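Notes for the one structure printed next.
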Amino acid sequence: MKIAFYGTKPYDRIWFEPLAADYGFELRFIELPCKEETIALAEGYDAICIFVNDYVDKKLIDKLYEMGVKAILLRSAGFNHVDVRAAQGKVAVLRVPSYSPEAVAEFAVTLLLAVNRHIHKAYNRTRDFNMSLNGLMGSDLNHKVAGVVGTGKIGQAMIRILKGFGMQVLAYDPYPAEEVQAEYVPLEELISRADVISLHCPLTADTKNLICRESIARMKEGVYLINTSRGGLIDTEALIEGLLQKKFAGVGLDVYDEEEGIFYEDCSEDIIEDENLARLMTFPNVIITSHMGFFTMEAMQAIAIETLENAYALENGLPLVNSVQLSGQT
Ligand code: NAI
């Protein structure tokens, strides 16, 4: 099987390259993102492999179909960047539903702790031998109320960690899971009762702008908001308004609505045209990271194995257990 890998970085290659020989696959690593201008590079390949900021719309899917590409292999759990409806009956869309939920949950907690205890500011200060504590006071998490939106694999891992801090955990999910150590409540109640809100649901038509002006208005003063799921879950302009109104004690964002072309790239020499992103960067109580919740050795290895297993299943006519269906679930 020949697979064209789009948007690849050195840290992708080190996991995929050694495995490819075991499967007998020929891999081509392309640094460019998958888009109209680069899709022709997939000519002659059986599958393409993409990451979260490669958007594959109907036009690209039709092109892939014409070229005889049989599958889009996602190196991710999320699949909001592929037009799954357009792909039906033309190109298989195979994802990695679970590689290390703990990696993302641990990162969400990292953001929460960092922004709460001002680690980003303390680090810079002490490097300059500014040992003052002014402005660095945080708050205990113990006995506080956490609200976890989405109790799938990552949400459940998050709940386990937050319980370890002695937090009371509320949860919202339209499909509640059994044996979750949290109290399921309606979303509105979670939003208004939680001291910490952490988002762990997929981006769908239903969850787009889940955090909006109305939900921010319902939140407690001094709430912490953590988003490691997808940027589109938050209305960024409403978030900026809320920050200006001093609603939030801290905000941790690993994802952003307009990541394409910026996240995963070194833009340090560029003029950033995205005014919302630039504005968010100016708030001292906001930490933004570059969609890296998944980025652990364990997760990268699991992503590489599962992606190639998906390709192997396709090549050998085995059941495609990780096929993305229109319902949004596998
Ligand atoms: P999952 O599929 O195991 O769980 C998602 C949960 O969200 C399910 O229980 C589902 O019922 C629930 N849900 C669906 N609609 C909802 C709604 N309207 N409100 C509340 N909950 C809703 O997915 P998993 O593995 O836990 O991943 C969650 C999300 O995390 C992914 O969709 C992806 O966007 C994001 N993610 C981010 C990564 C990062 O590096 N920052 C890495 C991996 C995933």
Side-chain angles (χ1 to χ4, degrees), residues 7 9 11-12 50-53 55 74-82 84 93 95-112 147-162 169-180 182 184-191 194 197-212 215 225-234 252-257 259 263-264 287-300 302-303 306-307 321-330:
K9 306 284 182 196
Y11 49 77
D12 294 308
I50 62 167
F51 200 44
V52 291
N53 291 330
Y55 286 86
L74 311 182
R75 305 196 289 279
S76 63
F79 49 84
N80 56 290
H81 51 304
V82 176
V84 178
V93 182
R95 66 174 185 143
V96 184
S98 178
Y99 37 90
S100 173
E102 285 74 19
V104 185
E106 287 170 13
F107 193 80
V109 176
T110 303
L111 280 179
L112 170 61
V148 173
V149 181
T151 57
K153 291 172 285 295
I154 297 171
Q156 289 182 37
M158 185 70 177
I159 291 169
R160 288 193 290 274
I161 299 172
L162 296 174
V169 184
L170 306 178
Y172 170 72
D173 194 309
Y175 307 98
E178 285 174 18
E179 295 171 22
V180 167
Y184 278 104
V185 294
L187 182 61
E188 295 70 30
E189 186 179 338
L190 180 151
I191 296 276
I197 298 171
S198 192
L199 306 179
H200 299 288
C201 56
L203 177 61
T204 64
D206 288 343
T207 59
K208 173 94 185 147
N209 290 343
L210 185 98
I211 301 299
C212 57
S215 46
L225 176 66
I226 306 297
N227 188 9
T228 55
S229 278
R230 285 295 180 269
L233 297 177
I234 298 180
L253 305 174
D254 185 43
V255 287
Y256 177 64
D257 201 13
E259 292 180 12
F263 280 46
Y264 302 128
I287 296 184
I288 298 176
T289 51
S290 187
H291 202 145
M292 58 180 288
F294 70 97
F295 202 41
T296 65
M297 289 189 289
E298 292 79 0
M300 291 300 284
I303 288 171
E306 197 66 18
T307 303
V321 290
N322 293 329
S323 168
V324 178
Q325 303 298 332
L326 270 180
S327 65
Q329 303 293 325
T330 52

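It should be emphasised that the depicted structure is a prediction, and the values quoted were computed from it without experimental measurement. As the structure lists them, so they are numbered: ligands from 1, and atoms in each ligand from 1.
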Next item on the list: Answer yes or no: is there an ion pair linking Lys208 with Asp257, defined by an N-O contact shorter than 4.0 Å?
Entry: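 Looking at Lys208 and Asp257, the cut-off is met.
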
If you count the atoms of ligand 1 from 1 in the order shown, which ones are under 4.0 Å from a heavy atom of [X]?
| X | value |
| --- | --- |
| Val104 | 38 (C), 42 (C), 43 (C) |
| Gly150 | 7 (O), 20 (C), 21 (N) |
| His291 | 39 (C), 40 (O), 41 (N) |
| Tyr175 | 11 (O) |
| Tyr172 | 19 (N), 20 (C) |

Measuring from atom CG of Asp173 to atom CD of Gln156, what distance do you get when rounded to the nearest 0.5 angstrom?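 Asp173 atom CG to Gln156 atom CD measures 9.0 Å (nearest 0.5 Å).
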
Could you grab the distance from atom CG of Leu225 to atom CD1 of Ile197, nearest 0.5 Å is fine?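 It is 6.0 Å, given to the nearest 0.5 Å.
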
Taking distance alone, with N or O pairs closer than 3.5 Å, would you say [X] contacts ligand 1?
| X | value |
| --- | --- |
| Arg95 | no |
| Phe294 | yes |
| Ile154 | yes |

With respect to [atom], which of [options] exhibits the smallest heavy-atom separation?
| atom | options | answer |
| --- | --- | --- |
| atom 33 (C) of ligand 1 | Arg230, Met158, His200, Gln156 | Arg230 |
| atom 8 (C) of ligand 1 | Thr151, Asp173, Asp206 | Asp173 |
| atom 15 (N) of ligand 1 | Ser76, Ala157, Ala108, Pro174 | Pro174 |
| atom 37 (C) of ligand 1 | Val149, Leu199, Thr228 | Thr228 |
| atom 7 (O) of ligand 1 | Gly232, Gly152, Gly231, Pro202 | Pro202 |

Check: Just wondering, do Phe107 and Leu112 contact through their side chains at under 4.5 Å, heavy atoms?
Finding: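 A side-chain contact under 4.5 Å is absent here.
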
Quiz prompt | Side chains of Asp254 and Leu111 in contact at under 4.5 Å (non-hydrogen atoms) | solution =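 Touching, per the 4.5 Å side-chain cut-off.
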
Quick check on [X] - does any of its heavy atoms sit under 4.0 Å from an atom of ligand 1?
| X | value |
| --- | --- |
| Ser98 | no |
| Tyr99 | yes |
| Leu203 | no |

Please confirm whether the backbone N or O of Val96 pairs with a side-chain atom of Glu306, one donor and one acceptor, at under 3.5 Å?
->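 Here the side-chain-to-backbone pair does not exist.
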
Item checked: Check: Ser198 side chain, Met158 main-chain N or O, donor-acceptor pair, under 3.5 Å ->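 Pair absent, no side-chain N/O of Ser198 close to backbone of Met158.
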
Over 60° means perpendicular and under 30° means parallel, so classify the ring planes of Phe51 and His291, tilted if in between.
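His291 vs Phe51 ring planes: tilted.
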
Review point. Using a distance-only test with no angle check, is there a side-chain donor-acceptor pair under 3.5 angstrom linking Ser290 and Tyr256?
Key: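 Short answer, no.
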
inquiry  = As a quick check of understanding, evaluate ring pair (Phe, Tyr, Trp, His ring centres under 6.0 Å) for Phe295 and Tyr11, giving each step before the final call.
reply    = CA-CA 10 Å; Phe295 202 41; Tyr11 49 77; 4.7 Å; yes

